[in-house]
Amino acid sequence: MDKFMERAVELAAENVREGGQPFGAVLVKDNHIITEGVNELHNKYDVSGHAELLAIRRAQEKLQTNDLSGYTMYASGEPCPMCLTSMYFAGIEKIYYCASVEDAVEAGLGKSKDIYADLQKTSEERMLPMVQMSLEKNQEDPMKLWKERR
C-alpha cells in the first residue's frame with residue numbers, strides 16, 4: 001500500500017480507538033504530506049468536521065489560498081458528497097480512497113449512499129426541499145454587487 005494511504009488508514013484507526021468514526025485523510029503535494037485530518041464529529045459536534053474537509057481547511061489556512069490545484073487527497077473511505085464537492089471547489093486533482101461507500105453502509109455509516117442517490121434526482125424530487133425566493137424590490141442584490149466589483 002502507498003505510504004500516504006497507509007497514513008490515512010492509520011489516522012482512521014486511531015480515530016476509532018479515540019471514539020470517532022473510521023475516516024482519516026492526508027493531503028499531498030509533490031510527494032509530501034501538507035496536512036492531515038480525521039473526522040471530528042464526536043469532539044466538535046460539527047457535521048462538516050470530516051477528515052477531508054479538515055485537511056483542506058488546514059492547507060488553505062496554512063498556505064493562505066483557496067486553490068489546491070496540483071494536490072492529491074488520500075482518504076481511508078470514499079469521500080461523501082460534501083467532501084467531494086469541496087475537493088472540486090478547491091481544485092484537488094486526484095483522490096485515492098480505500099473503503100467504498102458500500103463498505104461504509106455495511107459498517108453502519110450509510111448516509112453518503114442515500115445522499116449520492118438523492119443528488120441524482122431533480123431538485124423537486126429530492127428529500128430535502130429547496131425553495132427559491134426572490135429578492136424584495138428594495139433589497140440590494142449581492143450578485144449584482146459582486147459582478148460590478150469584478
Side-chain angles (χ1 to χ4, degrees), residues 4-5 8-9 11-12 15-16 18-30 32-150:
F4 301 123
M5 186 57 76
V9 172
L11 288 167
N15 201 43
V16 171
E18 293 173 6
Q21 293 181 345
F23 301 105
V26 176
L27 187 63
V28 174
K29 184 167 187 185
D30 299 328
H32 296 289
I33 294 175
I34 306 303
T35 55
E36 300 176 336
V38 296
N39 273 37
E40 294 184 357
L41 282 70
H42 63 296
N43 289 330
K44 307 280 183 170
Y45 305 102
D46 174 6
V47 296
S48 71
H50 288 202
E52 300 92 333
L53 286 180
L54 293 172
I56 290 169
R57 287 179 191 151
R58 290 171 182 150
Q60 290 177 330
E61 184 176 351
K62 177 180 177 179
L63 303 168
Q64 293 294 290
T65 184
N66 291 320
D67 183 7
L68 298 178
S69 299
Y71 289 73
T72 301
M73 182 69 73
Y74 291 80
S76 63
E78 185 172 355
C80 76
M82 174 177 62
C83 292
L84 180 61
T85 302
S86 296
M87 287 184 243
Y88 275 108
F89 277 114
I92 291 172
E93 294 184 2
K94 194 161 197 174
I95 304 164
Y96 294 96
Y97 66 92
C98 274
S100 68
V101 169
E102 290 75 20
D103 295 330
V105 169
E106 286 182 28
L109 299 162
K111 275 196 173 175
S112 287
K113 184 177 181 182
D114 295 339
I115 295 169
Y116 271 121
D118 203 48
L119 290 173
Q120 298 297 312
K121 300 174 185 175
T122 66
S123 58
E124 295 79 23
E125 298 172 319
R126 291 185 190 139
M127 58 186 155
L128 182 60
M130 292 174 49
V131 179
Q132 183 178 15
M133 299 176 69
S134 299
L135 293 173
E136 296 292 325
K137 289 181 181 176
N138 62 345
Q139 283 184 301
E140 198 167 31
D141 184 343
M143 292 296 176
K144 184 178 176 185
L145 283 174
W146 174 257
K147 188 176 177 182
E148 290 170 356
R149 193 181 98 181
R150 301 191 74 206

J.: Given side chains that start at C-beta, do those of P79 and M87 come closer than 4.5 Å, heavy atoms only?
T.: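 In short, these two side chains touch, coming nearer than 4.5 Å.
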J.: Nearest 0.5 Å please: distance from the CD1 atom of I92 over to the CD1 atom of I56.
T.: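 Taking CD1 in I92 and CD1 in I56, the distance rounds to 4.0 Å.
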J.: Distance check, rounded to the nearest 0.5 Å: K62 atom NZ versus Q64 atom CD?
T.: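 Output value for this atom pair is 12.0 Å.
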J.: Please answer whether the main-chain N or O of A12 pairs with a side-chain N or O of N15 as donor and acceptor at a distance below 3.5 Å.
T.: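 Absent.
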J.: Determine whether I34 and L63 satisfy the following criterion, side chain to side chain contact (heavy atoms under 4.5 Å, CB included), listing intermediate values before the conclusion.
T.: CA-CA 9 Å; I34 306 303; L63 303 168; 4.2 Å; yes
J.: Might you point out which heavy atoms bring C98 and S76 nearest each other, and give the distance in Å?
T.: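 Residues C98 and S76, closest heavy atoms: CB-O, 3.3 Å.
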J.: Rounded to the nearest 0.5 Å, how far does OG of S100 lie from CD of E106?
T.: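 Result: 7.5 Å between the selected atoms.
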J.: Please name all residues satisfying ring pair (Phe, Tyr, Trp, His ring centres under 6.0 Å) with F4, sequence neighbours left out, ordered by chain then number.
T.: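 So F4 forms a ring pair (Phe, Tyr, Trp, His ring centres under 6.0 Å) with Y74.
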J.: K121: what forms a salt bridge (Lys or Arg N to Asp or Glu O under 4.0 Å) with it, not counting sequence neighbours?
T.: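 Only D118 meet the salt bridge (Lys or Arg N to Asp or Glu O under 4.0 Å) criterion with K121.
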J.: Looking only at heavy atoms, what is the nearest atom pair of I115 and P81, with distance?
T.: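 That would be CG2-CG, 3.5 Å.
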J.: Starting at SG of C83, measure out to CG of N39 and round the result to the nearest 0.5 Å.
T.: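 C83 SG to N39 CG: 7.5 Å, rounded to 0.5 Å.
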J.: Within a reach of under 6.0 Å around CE of M127, are more than 12 heavy atoms found that belong to other residues, nucleotides or ligands?
T.: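 More than 12 heavy atoms, drawn from other residues, nucleotides or ligands, come within 6.0 Å of this atom.
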J.: Residues two or more places apart in sequence or in another chain: which of them pass ring pair (Phe, Tyr, Trp, His ring centres under 6.0 Å) with F89?
T.: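 Scan of F89 (ring pair (Phe, Tyr, Trp, His ring centres under 6.0 Å), adjacent residues dropped) gives none.
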J.: Suppose the criterion is side chain to side chain donor-acceptor pair (under 3.5 Å): which pairs have a residue in residues 82-95, not counting sequence neighbours?
T.: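 Only K94-Y96 qualify under side chain to side chain donor-acceptor pair (under 3.5 Å).
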J.: With side chains defined as the heavy atoms from C-beta onward, is the minimum distance between S48 and R57 less than 4.5 Å?
T.: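 Sidechains of R57 and S48: in contact.
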J.: Does anything in residues 135-148 form a side chain to side chain donor-acceptor pair (under 3.5 Å)? List the pairs, not counting sequence neighbours.
T.: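 As it turns out, there is no side chain to side chain donor-acceptor pair (under 3.5 Å) pair with a partner in residues 135-148 once direct neighbours are skipped.
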J.: Excluding sequence neighbours, so at least two apart, what forms salt bridge (Lys or Arg N to Asp or Glu O under 4.0 Å) with R58?
T.: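 For R58, the residues satisfying salt bridge (Lys or Arg N to Asp or Glu O under 4.0 Å) (neighbours in sequence not counted) are E40.
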J.: Going through the checks in order, is the side chain to side chain donor-acceptor pair (under 3.5 Å) test met by S69 and D67?
T.: CA-CA 6 Å; S69 299; D67 183 7; 2.5 Å; yes
J.: Verify the neighbour count for atom OH of Y97: are there more than 12 heavy atoms of other residues, nucleotides or ligands below 6.0 Å?
T.: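 Incorrect, the count does not exceed 12.
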J.: Would you confirm whether T35, through its side chain, and L27, through its main-chain N or O, come within 3.5 Å as a donor-acceptor pair?
T.: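 No; zero donor-acceptor contacts below 3.5 Å.
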J.: Which pair of heavy atoms, one from G37 and one from L54, lies closest together, and at what distance?
T.: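 Heavy atoms only, the tightest pair is CA-CB, 4.5 Å.
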J.: Just to verify, which of L11, L109, V38, L41 counts as forming a side-chain contact (heavy atoms from CB on, under 4.5 Å) with F23?
T.: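 Considering L11, L109, V38, L41, a side-chain contact (heavy atoms from CB on, under 4.5 Å) with F23 is found only for L109.
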J.: Please round to the nearest 0.5 Å and tell me the distance separating atom OG1 of T72 and atom NZ of K29.
T.: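 Between atom OG1 of T72 and atom NZ of K29 there are 10.0 Å.
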J.: Hey, does the side chain of K111 reach the backbone of C80 with a donor-acceptor pair shorter than 3.5 angstrom?
T.: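 No; zero donor-acceptor contacts below 3.5 Å.
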J.: Would you name the heavy atoms of E52 and G77 that are closest together and state the gap between them?
T.: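 Heavy-atom minimum between the residues: OE2-O, 3.8 Å.
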J.: First locate atom CG of L53, then atom CE of M82, and finally report the distance between them rounded to the nearest 0.5 Å.
T.: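 Between atom CG of L53 and atom CE of M82 there are 5.0 Å.
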